[in-house]
Amino acid sequence: MAPKTLRGTVRALIAPALALAATVGPASAPAHAAVWNSCDQWGNTTLDGYILYNNIWGSGAGSQCVWANSGTNWGVWADHPDTGGIKSYPNSKKVINKPISSLSSLTSTYRVTVPSAGAYNTSYDIWDTDHDYEIMLWVNHHGAVGPLGTAQGTVSLGGHTWNAYKGNNGANEVFSFLRTSDSTSGTVNILPVLKWIKDTKGWMGDETIGDVQFGYEITSSAGGLDFRTDSLTVSGG
């Protein structure tokens with residue numbers, strides 16, 4: 001699996017001038033009555049309190065275009081070659097900026113439409129403000145993809161049962177939780193997951209949670225595949 005930090009600290013430092021030669025014009029995007037769309041490598045916008053980000057960060061990537069009707073109803077068309085390594089993580093982000101101990105709740109609902117081909121996961125990506133810790137919650141995955149780190153057993157948290165993994169990509173700790181059965185809709189109570197990492201396992205302290213991202217970590221989507229977030233909410237305080 002490619003280093004996670006490229007979607008955290010490093011990706012913010014990469015100059016837009018490095019945009020992929022393979023990036024295509026808006027004509028290649030699927031037809032949607034969208035209020036915003038972008039085929040730029042780092043294309044982003046803010047809608048309804050959410051930040052949309054095309055985020056083509058991996059090596060060997062192909063073409064990808066994101067569209068959005070709102071911050072919580074959006075999708076992506078991606079044509080990445082059938083090779084190993086994560087190519088992109090198009091996502092919608094909600095900024096939290098609160099320590100775990102001060103959160104009384106942190107929940108999310110999701111409903112997605114994902115392809116039956118390609119290699120990808122649909123996941124939450126949760127970061128502390130210092131980018132020392134990354135918490136991933138996979139709600140579904142397909143193809144030759146897997147989490148970073150070693151298995152830590154199965155745990156029931158936040159309304160779901162997960163296979164937990166703990167690893168390090170050389171820049172930050174990565175805690176991955178893979179839902180034991182794939183789903184395309186549901187509600188996740190995120191706070192118990194954070195408290196389990198902090199209090200039960202002692203793997204991190206009272207970190208300030210910077211943001212909650214939700215999107216598609218795409219390894220391959222040869223020929224062009226559609227990923228659609230039909231609805232999304234992230235709330236907490």
Counting only N and O atoms by type, is there a donor-acceptor contact under 3.5 Å from the side chain of [X] to the main-chain atoms of [Y]?
X    : Y    : answer
S221 : H80  : yes
D128 : D130 : yes
D79  : S63  : no
N55  : Y53  : no
N73  : G71  : no
Y216 : T229 : yes

May I have the step-by-step check of side-chain hydrogen bond (donor to acceptor under 3.5 Å, both in side chains) for T208 and T129, ending in yes or no?
-> CA-CA 6 Å; T208 298; T129 51; 4.6 Å; no

Could you tell me if the side chain of [Y] sits less than 4.5 Å from the side chain of [X], heavy atoms only?
X    : Y    : result
W74  : S92  : yes
N121 : E217 : yes
D211 : K94  : no
N169 : V174 : yes
K98  : I209 : no
L103 : I96  : yes
N163 : Y165 : yes
T180 : T154 : yes

From [X] atom [atom1] to [Y] atom [atom2], the distance as rounded to the nearest 0.5 Å:
X    : Y    : atom1 : atom2 : value
L232 : D48  : CG    : CG    : 11.0 Å
H131 : E173 : NE2   : CD    : 15.0 Å
L148 : N168 : CG    : CG    : 7.5 Å
S176 : I135 : OG    : CD1   : 9.5 Å
I100 : D199 : CD1   : CG    : 8.0 Å
H142 : S220 : NE2   : OG    : 9.5 Å

Taking the six-membered ring of F175, is NZ or CZ of K166 closer than 6.0 Å to its centre and within 45° of its axis?
-> no

Regarding K87 and the six-membered ring of W57, is the cationic atom NZ or CZ under 6.0 Å from the ring centre and inside 45° of its axis?
-> no

Verify side chain to side chain contact (heavy atoms under 4.5 Å, CB included) between S123 and Y89, making sure each step is shown before the conclusion.
-> CA-CA 9 Å; S123 58; Y89 180 64; 3.7 Å; yes

In one Ile/Leu/Val/Met/Phe/Trp/Tyr side-chain cluster, 4.5 Å: L106, M204 | yes

Does W127 share a hydrophobic cluster with I51, counting links as ILVMFWY side-chain heavy atoms below 4.5 Å and allowing steps through other members?
-> no

Trace of the side-chain hydrogen bond (donor to acceptor under 3.5 Å, both in side chains) decision for D206 with S101 = CA-CA 6 Å; D206 189 21; S101 63; 2.6 Å; yes

Test log, rule ring pair (Phe, Tyr, Trp, His ring centres under 6.0 Å), inputs F214 and Y124 | CA-CA 4 Å; F214 179 86; Y124 292 90; 4.8 Å; yes

Would you be so kind as to tabulate the donor-acceptor pairs closer than 3.5 Å made by side chains of residues 181-198, with sequence neighbours excluded?
residue, atom, partner, partner atom, Å
S181, OG, R179, NH1, 3.0
D182, OD1, H141, N, 3.3
S183, OG, Y110, OH, 2.5

Applying side chain to side chain contact (heavy atoms under 4.5 Å, CB included), run through V112 and R228 and close with a yes or a no.
-> CA-CA 6 Å; V112 300; R228 191 170 73 237; over 6 Å; no

Could you go step by step and tell me if W36 and N69 meet the side chain to side chain contact (heavy atoms under 4.5 Å, CB included) rule?
-> CA-CA 7 Å; W36 176 78; N69 295 318; over 6 Å; no

Could you walk me through whether Y120 and F227 pass ring pair (Phe, Tyr, Trp, His ring centres under 6.0 Å), step by step?
-> CA-CA 10 Å; Y120 64 86; F227 302 78; 5.1 Å; yes

